[in-house]
Every structure is written in C-alpha cells, then in structure tokens.
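Working notes for the structure below.
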Number of protein chains: 2
Amino acid sequence: MTENTGLRPGGRSARVQQAVHQAVKTLEATEPRESLSVPLIAATAGVTPSTIYRRWGDLAELMADVSLSRLRPEGEPPDTGTLAGDLQAWGEQYLDEMGSAPGQQALNDIMASADPSRRACCYRYNESIMVALVARAHDRQESAPEVATLMDGIIAPMTYRLLYDPAGATRDRLTIWIGATLGAPASR
Amino acid sequence: MTENTGLRPGGRSARVQQAVHQAVKTLEATEPRESLSVPLIAATAGVTPSTIYRRWGDLAELMADVSLSRLRPEGEPPDTGTLAGDLQAWGEQYLDEMGSAPGQQALNDIMASADPSRRACCYRYNESIMVALVARAHDRQESAPEVATLMDGIIAPMTYRLLYDPAGATRDRLTIWIGATLGAPASR
DNA sequence: CCATTAACGCAAAATATTAGCATTAACGGA
DNA sequence: TCCGTTAATGCTAATATTTTGCGTTAATGG
C-alpha cells in the first residue's frame with residue numbers, strides 16, 4: 001500500500017500500482033539510474049505516462065514511493081533478551097541495509113520527495129520499532145527510557161550519519177549511542 | 001561560492017552566477033514555488049536556459065545550491081560564558097531559522113539534491129560551529145566533550161526533528177539534549 | 001598583444017509533461 | 001445479479017522542458 005490513500009482498492013488500480021512498482025524495480029536493476037524516466041517506466045509497466053503523472057505527480061515522487069515501500073519493516077525484530085541487545089541487533093541490521101548502495105539510494109529518493117509526509121512516514125516506521133522494543137522490555141520487567149528518548153539518542157544519530165556522513169555510521173558508534181541513552185535514561 | 005569549483009572565477013561566470021541566484025531569490029519572493037522553472041529563472045536572470053542546465057544540471061540542483069548558500073554560517077555565535085549557554089543560544093537561533101517556512105523550504109531543497117556532497121557540506125557547516133564552541137570552552141579551561149559527541153547528541157536530534165518531525169524541534173528538547181550530552185561526556 | 005579554451009548564446013531537435021475527452025471498470029444499492 | 005454513478009485509465013493533441021550542435025565571446029596565461 002502506498003501513501004495514496006484516496007483511491008479505489010479494487011482490481012485495476014491495484015494492478016496498475018503493482019505493475020508500475022515492478023517496472024521501477026526491474027529498470028533499476030538493468031538500467032543506469034539516470035536513464036529512468038516516466039515514459040520509460042510507463043512503457044515497461046504497460047500503462048500510459050499520464051496515468052503515472054496523475055497518480056504520483058512526477059518521477060521523484062514515484063521513486064520515493066517505491067523506495068518507501070521497500071523500507072517498510074517486515075517482521076518482528078529479533079529478541080535477544082535485553083533492550084540493549086535488541087537495539088544493537090536491530091540497529092546493526094538497519095545500518096547494513098541503509099549503508100549499502102541500494103539503501104543509500106532509497107534514502108536519497110525518500111528525502112528527495114517534496115512531500116514532507118513521506119519523510120514523516122519514515123519516522124513513524126522507526127518509531128513503531130522502538131515502541132515494540134520498549135513494550136518487549138516492559139514485558140520482561142526491564143526498565144526502559146521513553147520512546148522519544150530512544151528516537152533522539154539512537155535513531156537520530158544513526159539516521160543523521162547515514163544521510164550526512166555514511167562513513168560515520170558504524171556498529172561501534174551504535175554501541176556508544178545505546179550505552180549513553182540507556183545509561184542516562186533520566187531525560188523527560 | 002557554489003560547489004562548482006572547476007570554473008573560471010573571472011567576471012562573466014561570476015556575473016551569471018550572481019544573476020541566477022538573485023533571480024531565484026526574487027522569484028521565490030513573488031511567485032508560488034511550483035511555478036518556478038528553469039526557463040523562467042533563466043529569463044529573469046537574463047541568460048539562456050542552456051547555461052543553467054550546463055552549470056547546475058537541473059532545477060533541483062540549482063535550488064539546492066541557492067539554499068545552501070543561504071545556510072552558510074555568517075558570524076561567530078554569541079559568547080555566553082559557558083559551553084552549555086553557547087549551545088543553547090546558538091541552537092535556539094538555529095531552530096528558529098530552520099523551523100520557519102523559508103528555513104524548512106531550504107532544508108527541503110538541500111535534501112532533494114541528488115549530490116550527497118551538498119548534504120555533507122551542510123554537515124560540515126554545523127561541525128565547524130561545534131569546533132568553534134569547543135575551542136572557546138577550552139580557552140575558558142572548561143571541560144568539553146568531543147565534537148563527534150556533540151554532533152551525535154545535539155546536532156543529530158535537532159536536525160532529525162527539523163527534517164522528520166518539525167513540531168518536535170523545540171527549545172525545551174534542545175535543553176534536554178544539551179544536558180544529556182554535557183552531563184555524560186564519557187563517550188569516546 | 002596573442003593563443004588557447006572555458007563558458008555562453010542561439011536555435012533546432014528530442015523529450016517530457018499537461019489537458020481534453022472518450023472509455024473502462026470498480027463500487028454501492030436496488 | 002443488474003444498473004447507475006463515478007473514479008481511474010487510455011489516447012491524442014497541445015505545451016513545455018531539456019538536450020544538442022555550432023558559432024561567438026571573453027577569461028586566462030603566456
């Protein structure tokens with residue numbers, strides 16, 4: 001499901017959406033990125049360009065939509081027995097994914113969207129993970145900081161490094177961020 | 001100075017650059033943003049569109065270049081006598097600037113650039129401020145964390161909120177970030 | 001002052017985008 | 001199931017944009 005919430009969920013719209021997303025993924029794998037264009041994607045998907053323009057607006061929005069759908073968290077993050085461990089395990093996998101070339105490209109596409117709500121969506125994906133991990137910690141009777149504290153102390157520097165200074169987005173730093181955030185959970 | 005480093009610094013190039021930047025600023029103030037186009041900017045600046053395409057590539061890159069030039073730090077941040085005070089004072093002004101409509105637009109433009117080096121440039125602007133504030137603290141014999149710690153503990157959540165959750169980019173939170181970062185400066 | 005060449009202007013060609021109107025098919029109720 | 005309504009698409013023509021080739025200008029370095 002994309003962010004396009006006001007459309008008919010029925011057969012045809014869904015098929016077009018699926019075909020267009022698939023076309024983008026196929027072309028990304030076979031063509032140099034700068035050669036991707038709306039008319040080319042439309043031809044590959046078997047739809048007319050005007051359909052894409054009407055539904056997505058322009059190429060940047062379409063690319064952001066596709067990238068966001070790839071970013072969406074799939075399953076539950078692994079349970080390691082402690083909050084610190086869960087954060088480290090999930091974070092390492094996230095760093096790997098987003099530090100890779102396709103991951104960086106996806107981040108790029110999402111940030112290039114003119115629509116701030118798409119970035120907010122990205123925020124909420126990460127937030128929902130933190131909510132899940134905190135709930136798990138509470139189930140174990142483990143004390144845990146507020147979700148906002150985790151966002152500022154861990155998600156923020158991680159994302160910031162990935163976007164602005166990818167070389168600085170390392171596992172060692174992740175460990176430091178987790179330690180500092182869980183060690184001083186007194187923020188309010 | 002733009003990121004275009006390989007060009008002749010002499011009269012004509014500089015004049016074109018100045019005229020184009022000025023045209024963008026003028027149009028931003030008078031026209032709805034979605035009506036800005038390369039041909040329009042070119043006409044306003046009195047140059048041909050191909051000149052803009054050749055020098056900047058496309059509209060997104062041009063806008064990012066103009067926005068980045070506005071973001072560049074101008075003077076020294078105010079000296080309040082303590083590192084915490086300096087961080088708070090500078091941060092509040094930064095939050096005001098980037099939280100405003102033009103500031104959000106500028107951030108948007110910079111992030112929309114396909115060129116990661118422009119984002120890295122944005123990173124270095126903030127870093128240079130932190131370097132200056134830490135040096136000042138040392139001059140006062142005040143202890144201060146590493147610059148990287150300030151980047152992760154203060155700049156990162158501030159920027160993250162501004163980009164993903166502007167409503168959460170508040171002065172109160174800034175105070176919390178500064179307290180947590182200076183209170184536990186033990187990260188390495 | 002001259003030679004070299006980066007940057008620009010101009011105009012034609014190629015592409016991409018928008019807009020109007022006809023058609024299809026999803027949805028909801030009888 | 002069938003029918004009316006309307007969102008979504010297809011098609012085509014009209015616009016707008018971006019690219020390209022080539023001649024010209026002017027900055028740079030002797």
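From a predicted model like this one, the values you see are computed outputs, not experimental measurements.
The side chain of B:S13 places no N or O atom within less than 4.0 Å of a non-bridging phosphate oxygen (OP1 or OP2) of C:dA7. Using a 4.0 Å cut-off, no side-chain N or O of A:S50 falls inside it from OP1 or OP2 of D:dG10. Between A:R55 and D:dT9, a side-chain N or O to OP1/OP2 separation shorter than 4.0 Å is present. Residue A:R12 places none of its side-chain N or O atoms closer than 4.0 Å to OP1 or OP2 of D:dA7. Listed pair B:Y53 / D:dT19 fails the phosphate criterion, with no side-chain N or O lying under 4.0 Å from OP1 or OP2.
From B:L95, atom CG reaches atom OG of B:S100 across 11.0 Å, with rounding to the nearest 0.5 Å. To the nearest 0.5 Å, atoms CG (B:L27) and CG (B:L36) are separated by 5.0 Å.
Here the P atom of nucleotide D:dT9 and the CD1 atom of A:I52 are 10 Å apart, to the nearest Å. When the C1' atom of D:dT17 is taken as reference, atom CG of A:L59 falls 14 Å away, rounded to whole Å. C:dT15 atom P lies 16 Å from atom CG of A:L36, rounded to whole Å. When the C1' atom of D:dT17 is taken as reference, atom CG of B:D58 falls 12 Å away, rounded to whole Å. Computed from coordinates, the A:W56 CH2 to D:dA8 P distance equals 12 Å when rounded to whole Å. Across the protein-nucleic acid pair, B:L40 atom CG and D:dT18 atom P stand 12 Å apart, rounded to whole Å.
For A:R119 and B:N108, the side-chain atoms include at least one donor-acceptor pair closer than 3.5 Å.
With distances taken from any side-chain atom of B:R54 to the nucleotides C:dG9, D:dT18, D:dA27, the minimum falls on C:dG9. Residue A:T48 places its side chain closer to D:dC11 than to any other of D:dT19, D:dC11, C:dA16.
A:D86 approaches A:G81 most closely through the heavy-atom pair OD1-N, 3.9 Å.
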